[in-house]
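Notes for the one structure printed next.
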Amino acid sequence: AQMVEQYSPPMYGQPVQQYAPQMYGQPVQQYPVIPKKVLDRKTFRKHCSRVGLMLMADFGLMFAVELVVVIVAAVVLVLVGMGGSIDTNDTSQLVALLMSPIMFAGGLSAIVGNMLPSSLHLRKWKYKFFDPFKGDKLSPIFTLSALFTALGLNSAWCYVYYYYLKPWFGDFMGYVPESTDTLYTPYNMPLVGMICYLVWVCIIAPVTEEYMFRGAMLRTLSKYGSGFAVVASAVAFGLMHGNMGQTPMAFLIGLIMGYVA
């Protein structure tokens with residue numbers, strides 16, 4: 001305190017407009033004072049924009065990886081001589097040959113598209129890569145309750161959609177199923193494609209999607225309220241699936257998983 005008093009200027013305590021001309025010989029520039037609400041709103045938009053960029057990078061990388069893998073697979077088929085035996089007018093032959101690379105591309109795109117933007121987004125927010133995996137321990141009753149609630153919502157929505165809404169949409173749009181509609185069912189996949197499909201859908205996609213939505217997105221938006229973060233991540237999670245068969249169900253499950261996280 002004595003040092004502060006010793007080195008304080010003689011006009012200490014006066015308004016800056018009064019002692020600035022005495023110290024610097026000219027008035028000090030007056031900067032506008034930004035209200036706290038406006039500053040928080042700008043920060044909020046900035047943070048939401050970062051989340052949006054993360055999601056856009058996710059979609060872009062997933063599309064790019066799948067496209068590259070399928071193109072490479074098609075080129076390899078042509079080079080090994082299998083392309084000459086394919087009837088280009090028969091879609092089923094093309095899909096059957098490319099089914100395994102397509103399933104492999106789906107899993108690889110989920111790893112690259114979901115994990116890379118998420119880890120960079122967390123790093124921007126000063127989080128470590130493994131922080132989304134950390135949390136409080138859950139009781140067995142709570143875990144089972146959340147699990148069976150999510151499975152129940154999934155089953156209920158699938159029943160309503162496939163037995164009621166999907167036929168109604170087909171009648172309303174005048175849609176007639178084509179023979180190629182069943183090409184992507186498991187019954188038409190080769191064994192390698194089936195294995196890649198199961199690994200992709202049952203292991204890779206759940207882990208990487210939870211890392212992105214309930215890890216990176218939920219964790220970084222939680223500073224604006226847990227409720228907002230849960231709903232926002234659930235909406236993004238539902239829209240990411242991009243079809244009526246999954247979007248409402250994914251939104252509801254996203255609410256449960258966000259609450260659990």
Mind telling me whether W200 and Y197 have parallel, tilted or perpendicular rings, with 30° and 60° as the class edges? perpendicular
For the residue pair A261 and L218, what are the closest heavy atoms and their distance? CB-CD2, 3.5 Å
Quick check: closest heavy atoms across C202 and P206, and the distance to 0.1 Å? O-CG, 3.6 Å
Cut-off 3.5 Å, no hydrogens considered: what does the side-chain donor-acceptor table look like for residues 223-240, sequence neighbours left out?
{"residue": "Y224", "atom": "OH", "partner": "H47", "partner atom": "ND1", "Å": "2.5"}
{"residue": "S233", "atom": "OG", "partner": "A229", "partner atom": "O", "Å": "2.9"}
{"residue": "S233", "atom": "OG", "partner": "V230", "partner atom": "O", "Å": "3.0"}

Please list every donor-acceptor pair under 3.5 Å in which a side-chain atom of residues 135-147 meets a protein atom from a residue at least two apart or in another chain.
{"residue": "S139", "atom": "OG", "partner": "F142", "partner atom": "N", "Å": "3.2"}
{"residue": "T143", "atom": "OG1", "partner": "S139", "partner atom": "O", "Å": "2.9"}
{"residue": "S145", "atom": "OG", "partner": "I141", "partner atom": "O", "Å": "2.7"}

Nearest heavy-atom approach of M257 to E210 is CE-OE1, 4.0 Å
Side-chain donor-acceptor contacts of residues 103-113 below 3.5 Å, not counting sequence neighbours, with atom names and distances?
{"residue": "S109", "atom": "OG", "partner": "E66", "partner atom": "OE2", "Å": "3.2"}
{"residue": "S109", "atom": "OG", "partner": "A105", "partner atom": "O", "Å": "3.0"}
{"residue": "S109", "atom": "OG", "partner": "G106", "partner atom": "O", "Å": "2.8"}

List, one per line, each side-chain donor-acceptor pair under 3.5 Å for residues 155-164, sequence neighbours excluded.
{"residue": "S155", "atom": "OG", "partner": "L151", "partner atom": "O", "Å": "3.0"}
{"residue": "W157", "atom": "NE1", "partner": "M244", "partner atom": "O", "Å": "3.4"}
{"residue": "W157", "atom": "NE1", "partner": "G245", "partner atom": "O", "Å": "3.2"}

Rounded to the nearest 0.5 Å, what separation is found between the CG atom of D131 and the CZ atom of R219? 5.5 Å
Got a sec: does the OH of Y259 have more than 12 other heavy atoms crowding it under 6.0 Å? no
Closest heavy-atom pair, G215 versus P132, reported as atoms and distance to 0.1 Å, is CA-CB, 3.7 Å
Scan the side chains in residues 119-128 for donor-acceptor partners under 3.5 Å anywhere in the protein, sequence neighbours excluded, and list what turns up.
{"residue": "S119", "atom": "OG", "partner": "M115", "partner atom": "O", "Å": "3.0"}
{"residue": "S119", "atom": "OG", "partner": "L116", "partner atom": "O", "Å": "2.9"}
{"residue": "H121", "atom": "NE2", "partner": "T220", "partner atom": "OG1", "Å": "3.1"}

Mind listing the closest non-hydrogen atom pair of T208 and A205 along with its distance? OG1-O, 3.3 Å
Taking distance alone, no hydrogens or angles, what donor-acceptor pairs closer than 3.5 Å link side-chain atoms of residues 53-65 to residues at least two apart or in another chain?
{"residue": "D58", "atom": "OD1", "partner": "N114", "partner atom": "N", "Å": "3.4"}

Kindly compute the distance separating CG (L153) from CG (L255), expressed to the nearest 0.5 Å. 9.5 Å
How far apart are the C-alpha atoms of F130 and Y211, what are their side-chain angles, what is the distance that settles it, and do they pass the ring-ring contact (aromatic ring centres under 6.0 Å, His included) test? CA-CA 10 Å; F130 290 101; Y211 187 88; 8.6 Å; no
Can you tell if the side chain of V69 reaches within under 4.5 Å of the side chain of I102, non-hydrogen atoms only? no
Run the side chain to side chain contact (heavy atoms under 4.5 Å, CB included) test on F251 and T247 for me, step by step, so that the C-alpha distance in whole Å, both residues' side-chain angles and the decisive distance to 0.1 Å come before the verdict. CA-CA 6 Å; F251 168 71; T247 292; 5.6 Å; no
Separation between OG of S100 and CD1 of I195, rounded to the nearest 0.5 Å: 9.0 Å
Going through the checks in order, is the side chain to side chain contact (heavy atoms under 4.5 Å, CB included) test met by H241 and E209? CA-CA 11 Å; H241 289 80; E209 289 175 4; 4.1 Å; yes
Contact summary for G254 and R214, nearest pair of heavy atoms: CA-NH1, 3.7 Å
